[in-house]
Amino acid sequence: MVHMETWDLIIIGAGAAGLAAGIYGSRSGLKTLILDEKLAGGTTADAPIVENYPGFPFVTGAELADKKVSHAKKTGATIHELETVVSLDLKGEKKIVKTSRAEYEAPAIIIASGAHYREAEVKGEKEFRGRGVSYCGVCDGPFFKGKRVLVIGGGNSACITTLYLSGLAAAVFVVHRRDAFRAENALVKDLESKGNVKVMWNTEVKEIKGDKVVTTAVVSDYQTGAIQELAIDGVFVQIGESPNSQVAKESGVEVEDGGCIKIDIRQHTNIPGVFAAGDVTNYPVRQIGTAVGQGITAALEAYAYIKRPYYRK
Ligand code: NAP
């Protein structure tokens, strides 16, 4: 028989939202467990540089993520890394979380499982994943020192990744389907100052080609119809993210089209005792700061739900 461990609060996901929830949960006196299928830190750790998190004018994503992990541990939260949640039973008073290793129960859980990088669904993308196609500049950028790379996308992630790669690669091509970025002005200004960056407006990648590794990308211009085959060594896909909500959805948590978990203003889902925070939710702003705020609210609401303090009766 599988041993069942009992906790006050279980948080699924050790990213910005989950760690903030862990800090507040532990400091409220709740015996708090944070589970993550990867290493703790979340996608913050993938950011080359963070320049808009209040109090940190310039910090690497890895450093900011490390600080959050240490802080959560210092407050007493237990973090289990590399432990995947395989199913949830949310029907009863006790919420049951089954993972790849064990079973846990708690009166309240917070789903802060984040999101994964979206694929461009371009011919050759899957074939060359890990052989020139990447979704993370910080993880794979150093392999392309002095080489030619291409970034797909036009948001904050595409701009930040381009800026990071411009310091490593000989040339960076940005393929964006519009004629303007949807990114912070400060990032766009920085990008414009980089001599080795070429932005290709109104274009799309039709195919990624290669032999053992990527060698070219076929790029088409929407306006002129012109097609060119660019010699490149790597492609970084930076076109947004999709929520990691499948397990929650299967256990009855309400999601909207696209899979984001529906929450109210206090991070409650449709199931009592089940809260959600961060990039897995339908909250419209996706920033480290807002994820932290959502995590804090979720933890304080979970506390009120479990302990029923006098001020919330
Ligand atoms: P995003 O803001 O959703 O932008 C995605 C970009 O990729 C858009 O320019 C979009 O084009 C393009 N795109 C989408 N699907 C595409 C496809 N199939 N083919 C080609 N291009 C495609 O995504 P993100 O930049 O990854 O950022 C995700 C969220 O995190 C955003 O809310 C962002 O603000 C936030 N974020 C913030 C920071 C920061 O503040 N420093 C850093 C990173 C991320 P269209 O413009 O035509 O839709």
Side-chain angles (χ1 to χ4, degrees), residues 13 15-17 41-65 112-126 129 133-139 141 150-165 172-191 199-208 217-223 230 235-244 256-260 277-294:
T43 49
T44 300
D46 293 344
I49 301 160
V50 178
E51 292 176 308
N52 57 6
Y53 187 66
F56 293 80
F58 185 95
V59 63
T60 66
E63 193 185 343
L64 188 57
S113 44
H116 56 273
Y117 301 112
R118 200 180 287 151
E119 293 182 5
E121 290 170 20
V122 166
K123 193 170 175 210
E125 181 183 5
K126 278 198 169 55
R129 191 175 184 144
V133 173
S134 169
Y135 299 82
C136 173
V138 166
C139 320
L150 182 152
V151 175
I152 306 178
N156 280 320
S157 300
C159 289
I160 288 174
T161 298
T162 301
L163 283 169
Y164 176 68
L165 293 173
V172 189
F173 299 90
V174 183
V175 171
H176 182 33
R177 63 188 183 186
R178 292 184 194 274
D179 60 3
F181 288 122
R182 64 153 108 176
E184 271 186 2
N185 194 40
L187 293 172
V188 176
K189 284 259 168 308
D190 255 11
L191 203 142
V199 182
M200 303 170 76
W201 303 113
N202 303 304
T203 54
E204 67 175 333
V205 172
K206 287 283 190 197
E207 187 176 354
I208 298 163
V218 179
V219 179
S220 128
D221 187 310
Y222 283 120
Q223 282 176 338
L230 280 177
V235 176
F236 288 80
V237 182
Q238 297 285 297
I239 60 164
E241 45 181 38
S242 300
N244 298 324
E256 61 179 28
D257 288 349
C260 291
D279 285 357
V280 75
T281 72
N282 63 349
Y283 189 72
V285 181
R286 284 160 199 281
Q287 298 288 313
I288 301 170
T290 53
V292 166
Q294 285 187 277

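Whatever order the structure lists them in is the order used to number ligands and atoms, beginning at 1.
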Exercise. Give the residue, atom name and distance (to 0.1 Å) of the protein heavy atom nearest atom 47 (O) of ligand 1.
Key: R178 NE, 2.4 Å
Practice problem: Could you find the nearest protein heavy atom to atom 43 (C) of ligand 1 and give me its residue, atom name and distance? | Solution: S157 OG, 3.4 Å
Self-check item: Main-chain N/O of D279 paired with R286 side-chain donor or acceptor, under 3.5 Å
Solution: yes
Quiz item: Which residues satisfy the ring-ring contact (aromatic ring centres under 6.0 Å, His included) test with F181, sequence neighbours excluded?
Solution: H176, W201
Exercise. Among V151, I160, L150, find the one that has a side-chain contact (heavy atoms from CB on, under 4.5 Å) with L165.
Key: V151
Quiz item: Which protein non-hydrogen atom lies closest to atom 32 (O) of ligand 1, naming both residue and atom, and how far is it?
Solution: R286 CB, 3.3 Å
Quiz item: If you count the atoms of ligand 1 from 1 in the order shown, which ones are under 4.0 Å from a heavy atom of Q287?
Solution: 34 (O), 37 (C), 39 (C), 40 (O)
Quiz item: Considering only the protein, which heavy-atom contact is closest to atom 39 (C) of ligand 1, and what is its distance?
Solution: N52 ND2, 3.4 Å
Quiz item: Would V199 and L191 satisfy side chain to side chain contact (heavy atoms under 4.5 Å, CB included), going step by step from the backbone distance to the final call?
Solution: CA-CA 9 Å; V199 182; L191 203 142; 3.9 Å; yes
Quiz item: Sequence neighbours excluded, which residues qualify as side-chain hydrogen bond (donor to acceptor under 3.5 Å, both in side chains) partners of D46?
Solution: Y117
Quiz prompt | Member of V237, V122, L230 meeting the side-chain contact (heavy atoms from CB on, under 4.5 Å) criterion with V205 | solution = V122
Quiz item: Would you say T281's side chain and A277's backbone share a donor-acceptor pair under 3.5 angstrom?
Solution: no
Self-check item: ligand 1 contact on H176 by region, counting heavy-atom pairs under 4.0 Å
Solution: side chain
Quiz item: Any sub-3.5 Å donor-acceptor pair from N244's side-chain atoms to V280's backbone N or O?
Solution: no
Quiz item: Which residue and non-hydrogen atom of the protein lie closest to atom 21 (N) of ligand 1, and at what distance in Å?
Solution: I239 CG2, 3.6 Å
Self-check item: Which of the ligand 1 atoms, numbered from 1, are nearer than 4.0 Å to a heavy atom of I160
Solution: 41 (N), 42 (C)
Quiz prompt | For atom 2 (O) of ligand 1, the protein heavy atom that lies nearest, with its residue and separation | solution = R182 CD, 3.9 Å
Self-check item: Heavy-atom proximity to atom 20 (C) of ligand 1, best of L187, I152, V50, I288
Solution: I152
Self-check item: Distance filter under 4.0 Å to G155 heavy atoms, resulting ligand 1 atoms
Solution: 4 (O), 6 (C), 9 (O), 25 (O)
Quiz item: Ignoring hydrogens and geometry, is there a side-chain-to-backbone donor-acceptor pair from E207 to A217 under 3.5 Å?
Solution: no
Self-check item: Which residue and heavy atom of the protein sit nearest atom 34 (O) of ligand 1, plus the separation
Solution: N156 ND2, 3.0 Å
Practice problem: Note the single closest protein heavy atom to atom 16 (C) of ligand 1, along with its residue, its atom name and the distance in Å. | Solution: R177 NH1, 3.3 Å
Quiz item: Any idea which of P48, G154, A291, A120 brings a heavy atom closest to atom 12 (C) of ligand 1?
Solution: G154
